[in-house]
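Here the structure comes first, spelled out in structure tokens, and everything after it is commentary.
Just so you know, ligand 1 is whichever comes first in the structure, and atom 1 is the first atom listed for that ligand. All figures in this text were calculated on a predicted structure; none of them were measured in a lab.
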Amino acid sequence: MREDITRFVDEIAKLTEPKNVVYITGDEAELAAYRRQLVEKDVAIPLKRKNSLLFRSDPEDVARTEGKTFICSEKEIDAGPTNNWRDPKEMLKHLKTLFKGSMRGRTLYVIPYSMGPVGSPLAKVGIELTDSLYVVINMAMMTRIGTKVLDALGDDSFVPGVHSVGCPLEEGEREPPWPCNPEKTCIAHFPETRQIWSFGSGYGGNALLGKKCFALRIASAIARDEGWLAEHMLIMGVTNPEGKKRYFCASFPSACGKTNLAMLMPTLPGWKVETVGDDIAWLRWGPDGKLYAINPEAGIFGVAPGTSHVSNPQAMDTIRHDAVFTNVALTDDQDVWWEGMTKEPPKHLIDWRGEDWTPNRPQKASHPNARFTVSAAQCPSIDPDWESLSGVPISAILFGGRRSSVTPLVYEAFDWEHGTFIGASVSSEMTAAAAGTVGKLRHDPFAMLPFCGYNMGDYFGHWLNVGKAGKVIPKIFAVNWFRKNESGEFIWPGFGENSRVLKWIFERCEGAVEAQESAVGLLPNIDDLDSEGLDISRETLERLLTIDPKEWAEEVKELRSYFKIFGERLPEGIKRSLDALEDRVSEHAAP
Ligand code: SAT
Ligand code: MN
């Protein structure tokens with residue numbers, strides 16, 4: 001074992017005072033023993049699905065807590081206006097008091113993990129120290145863990161992460177089913193020294209440090225320094241009926257359907273979608289001047305409610321076995337259920353709080369942010385190249401959000417600078433993935449609002465610069481599956497029908513179809529959006545594919561006021577694009 005690793009572990013053990021320290025090897029037998037242990041201690045419920053467990057979290061610990069997530073750069077301005085900043089020295093002092101003795105009576109697990117396929121030049125290693133077995137078994141699916149990671153590390157650096165649920169156990173005290181410490185929850189990132197400290201929460205992105213903490217917040221800062229991109233994007237392979245394949249990345253905020261899109265079953269005959277990743281992409285220019293992406297993760301942490309054989313049959317197949325479920329409902333025959341899984345709910349369930357549930361109950365049986373965790377390798381649509389060490393070449397980047405109005409179904413950016421502006425301009429109606437008001441429209445640039453490890457204005461600038469370094473520049477598109485009519489109903493069917501939009505994007509990449517210039521970007525000609533077999537009126541299609549200059553004049557005003565928060569850090573390229581958009585919109589609005 002490398003001396004700096006044992007030193008790190010010893011230091012944290014001295015601070016947190018665990019009863020023992022265990023290095024995770026990643027062996028299947030070891031993980032199976034932990035799963036058994038969780039069941040024996042009544043922390044997890046065994047399911048009828050093979051090797052699968054159900055966990056119920058504390059009702060106070062059900063989603064990422066953005067208000068308790070901090071970026072601790074030396075200077076406040078380097079965290080920027082969209083992050084919660086804390087002085088690194090003060091924060092470290094605070095963390096030392098929080099973590100003092102926080103693992104008493106517990107085991108400290110050392111999890112070496114790789115973000116990216118082990119041995120890939122694009123992969124990076126982290127070491128998470130945690131006192132949560134739930135974290136251990138989830139990290140084992142979400143990342144590549146154990147001895148093989150240490151063997152491949154060589155002399156490279158690693159990102160240290162310290163996680164504690166903040167519930168020390170007194171002698172003889174029983175383990176609570178979901179240990180956490182919501183009052184003192186604190187998730188702190190040190191982008192300059194590349195460290196992560198997370199206290200008090202056991203849930204998802206708060207606790208599985210490889211995901212948002214490392215692969216986005218810390219990695220975005222590394223990527224800025226090294227000239228690449230760490231993005232909140234799925235990666236998918238799209239094959240046309242002639243057998244030609246292209247890869248797309250798509251950025252959407254949490255719980256806006258990235259997993260569904262990455263596993264989409266096209267309704268268009270002859271088209272195929274394969275999954276490389278469903279949440280995070282690391283992108284870099286290859287030696288041939290093309291942009292290559294790897295999925296740094298190895299698993300899927302998907303939103304359960306709404307997932308069904310209709311909305312995402314591939315996900316339903318993926319979670320048939322060896323899956324972990326959190327905050328879903330339990331059926332009488334030891335299986336899982338959540339809202340939207342079937343049209344009719346079962347007659348009786350145990351809900352996510354552990355209480356009897358019948359369909360006449362007003363409360364939901366599963367929590368809206370209930371999740372499944374599963375290894376991506378189990379996904380039937382997994383791409384044959386998903387673990388390619390050099391990544392897959394990207395032809396197009398899609399930006400989307402949940403917008404019930406204003407934003408058309410799809411349009412194309414004029415160029416990379418305009419595409420960067422589109423990414424910077426994303427707003428989305430909030431979901432249950434983060435604590436907050438569901439449905440409220442908020443700016444979420446690049447779907448990175450909660451995940452950018454440095455000043456978002458500088459991040460826009462980094463995007464603009466990165467675009468100058470490649471030879472084969474991907475096309476950039478905006479998409480919006482979530483348009484609604486006056487009665488609040490979705491006017492686009494979504495899911496598998498989104499393949500129609502993917503087809504247009506594919507054909508634009510091929511140079512096979514024209515587009516029409518509009519004030520906001522390049523729109524499809526209505527007849528180029530394949531609507532064969534789709535029950536949709538011409539009028540609705542027109543509505544989906546045209547822009548309303550009045551609405552856009554408002555949008556521009558709103559964006560101008562929003563971008564003010566970045567002050568001097570707002571790059572010229574964004575200002576230029578905004579001015580140009582304003583000019584085009586007012587030209588179009590003129591009678
Ligand atoms: O809890 S996570 O941050 O991992 C999920 C999400 O918000 O995308
Ligand atoms: Mn996400």
Please check whether [X] reaches ligand 1 - meaning an N/O of the residue sits under 3.5 Å from an N/O of the ligand, judged on distance alone.
| X | answer |
| --- | --- |
| Lys212 | yes |
| Arg64 | yes |
| Ala433 | no |

(request) Write the atom name of the N, O or S atom in Asp279 that is nearest the Mn ion (ligand 2). (result)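 Minimum-distance N/O/S atom of Asp279 relative to the Mn ion (ligand 2) is OD1.
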
Among all protein heavy atoms, pick the one closest to [atom] and tell me residue, atom and distance.
| atom | result |
| --- | --- |
| atom 5 (C) of ligand 1 | Arg371 NH2, 3.4 Å |
| atom 1 (O) of ligand 1 | Gly205 N, 2.9 Å |
| atom 8 (O) of ligand 1 | Ser254 OG, 2.8 Å |

(request) Could you tell me the separation between the CG atom of Asn260 and the CD atom of Gln314, rounded to the nearest 0.5 Å? (result)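 Interatomic distance, Asn260 CG to Gln314 CD, rounded to 0.5 Å: 10.5 Å.
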
(message) Would you compute the distance between atom CD1 of Ile45 and atom CG of Leu54 and round it to the nearest 0.5 angstrom?
(response)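 Reported to 0.5 Å precision, the distance equals 4.5 Å.
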
(message) Below 4.0 Å, non-hydrogen atoms only: which portion of Phe301 touches ligand 1? Side chain, backbone, both or neither.
(response)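 For Phe301, the contact with ligand 1 is made by the side chain alone.
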
(request) Please determine if the Mn ion (ligand 2) has an N/O/S atom from Lys212 lying under 2.8 Å away. (result)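 Yes.
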
(message) Would you say NZ of Lys148 has more than 12 non-hydrogen atoms from neighbouring residues, nucleotides or ligands within 6.0 angstrom?
(response)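 Yes, the 6.0 Å shell around NZ holds more than 12 heavy atoms from other groups.
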
Under 4.0 Å between a side-chain nitrogen and a carboxylate oxygen: does that hold for [X] and [Y]?
| X | Y | value |
| --- | --- | --- |
| Arg224 | Asp458 | no |
| Glu66 | Arg442 | yes |
| Glu387 | Arg144 | yes |

